[in-house]
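Notes follow the structure.
Along the sequence shown, residues are numbered consecutively beginning with 1.
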Amino acid sequence: MKRKLIAAIGIAGMMVSIAACGDDSGSGDSKGTDAKELTVWLTVDAQNNWPDLVKAADAAVRKAHPGVKINHEYYGWPDKNAKLDAVLATDKAPDVVEMGNTEMLGYMVKGAFAPLDTAKFDNSSAWLDGLKASVTYDGKTYGVPYYAGGRVGNWRKDVFAAAGVKTAPKTYAELTAALDKVQQKQGDKFSAWYQPTRDWYAAMSFVYDAGGSIAKEEGGQWKANLSSPESVKGLNEFKSVVDKYMHGDKTKDESDRYIVYGQGKSGMIFGAAWEGATSADPKNDKTGKLKDNLENFVMPGPSGKNLPVFLGGSDLAVPVKSHAQALAAEWINAFTGPAGQKGLMAKGNLPNNKTDLATLKNDPATAVPATAAESNWFVPMAPGWGQVEKAQVLQTMLQSIGTGKKTVEAAAKEADAAIDKVINNK
């Protein structure tokens, strides 16, 4: 997907005592069983790319509730949260709202969303692990995964072929051997693998592949875990990639990776599945050669398994101030259920569940992103995680490692100390 997912942090001016406005029963959908009106907020992705799926969900709800009025409002990603924060401070809250999955945590911590009964949503028992984590806080479920977007490797077939490599690597040993050949042939002004140093999504994939993690929960408290032996092993693998194959600016993040890739001075990237195709767009392709030479592949990990990837995507939530929570839950299920997932997959999205994901592996056009998404991870669902992201603790650590300012061990210990100061703070 062509948007960078960011955590919802610093929810300025969010309503006072919002949780007190919710349903004391804790069922999360007992309000509004006889509601006559429903307001649904979605982003423009639905409006522009799959309006037929919205209409189908509306029709299903109207069939069950004749006469119900369904209102839709659509927002761009940069504008949505400011508008949502403002309306949540009033009694005019929407009944359904789309959230980026990394935006959910801050709102769940503040009590902005109603808890939901997962038994009322199709495929909930098979939700992808990373997506399920994004809607779960303190043992309760506050949203429904909508769709996902994963990360894959993307390589220039022409560059690797010139170095004698004709097929995409299946193992990490094959990958590094191929990269070594490309690097030797192209020289030190070329990045065999353009891997921005501050890209913590990629770095943490190596950490989780090695059995490490950003933080662990024990006894209801979160503790940073980047300096554990397993995490350090993963960080050292990431450092090796940056040291050997990344010959660009080692203070950059991944925000313009697709643009840099399009400039033709690198052989591969590891990023969101859309990045390769966007690099090959004529307005980004400065080589004129990328369109027929780029190919996605499943990233192998040093562990011998596929590299676990961060899953981006969207969730649907019901604000705790909604007066139509039961009807909202019905609409969400109609929209994200089997028919909806089939429609979303047809539009190029990954589904919210493992059952549908498995079907995509049988189609050559979707096998790579579907296979890559099977192994996934998500951020710690800790009350203070938003503060960790806001302070860019991981990015700072990775830049120190990548530039050689600090050793992996020293940078990891410093990051752990910074994380531990805030990760349990609401």
Without hydrogens or angle criteria, can the side chains of T43 and E98 be said to hold a donor-acceptor pair below 3.5 Å? yes
Rounded to the nearest 0.5 Å, the CG atom of D363 sits from the OG1 atom of T366 at a distance of 4.0 Å
In plain terms, say whether D285 and K291 are close enough for a salt bridge, that is, a side-chain N and a carboxylate O under 4.0 Å apart. no
State plainly whether the residues K361 and E374 are in salt-bridge range, i.e. N to O under 4.0 Å. yes
For Y142 and Y107: C-alpha separation, side-chain torsions, deciding distance, then whether ring-ring contact (aromatic ring centres under 6.0 Å, His included) applies. CA-CA 10 Å; Y142 291 93; Y107 288 85; over 10 Å; no
SB check E275 R257 (cutoff 4.0 Å): yes
Kindly compute the distance separating OG (S266) from NE2 (H247), expressed to the nearest 0.5 Å. 11.5 Å
Under 3.5 Å, side chain of S205 to main-chain N/O of P308, donor-acceptor pair present? yes
May I ask you to say whether K354 pairs ionically with D129, meaning some side-chain N is under 4.0 Å from a carboxylate O? yes
Do P351 and L360 have side chains that approach each other closer than 4.5 Å (heavy atoms only, starting at C-beta)? yes
If we ignore angles and hydrogens, is there a donor and acceptor under 3.5 Å between the side chains of N71 and E37? yes
Do R151's NZ or CZ and the ring of Y201 fall within the cation-pi criteria of under 6.0 Å and 45°? yes
Could you tell me if D281 and N284 have a donor-acceptor pair between their side chains, going purely by distance under 3.5 Å? no
Checking the side chain of E174 only, and the main-chain atoms of K170 only, is there a donor and an acceptor separated by less than 3.5 Å? yes
What class does the angle between the rings of W41 and Y75 fall in, given that below 30° is parallel, 30 to 60° is tilted and above 60° is perpendicular? tilted
Report the C-alpha separation of W50 and Y147 in whole Å, then their side-chain angles, then the decisive distance to 0.1 Å, and conclude whether the ring-ring contact (aromatic ring centres under 6.0 Å, His included) test is met. CA-CA 12 Å; W50 43 87; Y147 66 91; 5.5 Å; yes
Separation between CG of N123 and OG1 of T118, rounded to the nearest 0.5 Å: 12.0 Å
Quick one about H323 and D95 (side-chain donor to acceptor, distance below 3.5 Å, no hydrogens or angles considered), yes or no? no
Within the side chain of Q341, is there an N or O that forms a donor-acceptor pair under 3.5 Å with the backbone of T336? yes
Side-chain contact, heavy-atom cut-off 4.5 Å: S240 with Y245? no
If we ignore angles and hydrogens, is there a donor and acceptor under 3.5 Å between the side chains of S375 and N306? no
Here the gap from F297 atom CZ to M299 atom CE, rounded to the nearest 0.5 Å, amounts to 5.5 Å
Under 3.5 Å side-chain donor-acceptor pair for N101 and D315: no
With a 4.0 Å cut-off on N to O distance, would you call K140 and D138 a salt bridge? no
Check whether D209 reaches the backbone of S303 with its side chain - one donor and one acceptor, N or O, closer than 3.5 Å. yes
Without hydrogens or angle criteria, can the side chains of D58 and W331 be said to hold a donor-acceptor pair below 3.5 Å? yes
